[in-house]
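Quick note: residue numbers are just sequence positions, from 1. What's counted below: heavy atoms across the whole structure, side chains too, no hydrogens, waters or symmetry copies.
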Amino acid sequence: MKKLALHEMGEVIRKVRKERGLRLEDLSDDNISPATVSNIERGVAHVSPEKITYLLEKLDLSMHKIPDMLKKRAR
């Protein structure tokens with residue numbers, strides 16, 4: 001994933017988290033820390049794709065829906 005794509009995906013993840021009234025700590029567990037959730041939301045490139053996928057699953061978001069969500073946000 002390119003940096004821009006990671007950044008945009010992170011913005012969508014942050015938006016969904018905030019819309020649901022969740023804190024970083026609400027999404028953390030033994031597999032993902034609040035700092036990693038924050039790094040994903042900020043588009044930090046060193047986060048593993050597995051952690052991103054795990055976070056998307058926790059939020060019940062599909063990787064395939066992210067581009068559509070980005071398009072809707074741009075309108």
In Å, rounded to the nearest 0.5 Å, how long is the span from [atom1] of [X] to [atom2] of [Y]?
X   : Y   : atom1 : atom2 : result
L55 : M9  : CG    : CE    : 10.5 Å
I13 : L56 : CD1   : CG    : 4.5 Å
D68 : H64 : CG    : NE2   : 11.5 Å

Worksheet item: So, the side chain of R17 versus the backbone of V37: is there a donor-acceptor pair under 3.5 Å, distance only?
Response: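 Checking the backbone N and O of V37 against the side chain of R17, no donor-acceptor pair under 3.5 Å is found.
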Worksheet entry | Contacts of E50 that satisfy salt bridge (Lys or Arg N to Asp or Glu O under 4.0 Å) - sequence neighbours left out |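 For E50 there are no salt bridge (Lys or Arg N to Asp or Glu O under 4.0 Å) partners, ignoring immediate neighbours.
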Fill in: Derivation and outcome, side-chain contact (heavy atoms from CB on, under 4.5 Å), residues I40 and L6
CA-CA 8 Å; I40 291 169; L6 288 173; over 6 Å; no
Worksheet item: Does the side chain of K65 reach to within under 4.5 Å of the side chain of V12, using non-hydrogen atoms?
Response: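 The answer is no, as the side chains (C-beta and beyond) never meet within the 4.5 Å cut-off.
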Practice prompt. Specify the closest pair of heavy atoms between D60 and R20, including all atoms of both residues, with the distance to one decimal.
Written response: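 Where D60 meets R20 most closely, the heavy atoms are N-NH1, 4.5 Å.
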Worksheet item: Which pair of heavy atoms, one from R42 and one from H7, lies closest together, and at what distance?
Response: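 Shortest heavy-atom contact: O-ND1, 3.8 Å.
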By side-chain hydrogen bond (donor to acceptor under 3.5 Å, both in side chains) - contacts of [X] (at least two apart):
X   : result
S62 : none
T53 : none
S28 : none

List the residues meeting side-chain contact (heavy atoms from CB on, under 4.5 Å) with [X], not counting sequence neighbours, and say none if there are none.
X   : answer
D29 : N31, I32, Y54, K58
R23 : E25, D26
H46 : N39, V44

Practice prompt. Apply salt bridge (charged side-chain N to carboxylate O under 4.0 Å, His left out) to E19 and K15, showing your working.
Written response: CA-CA 6 Å; E19 285 174 351; K15 182 179 182 220; 3.5 Å; yes
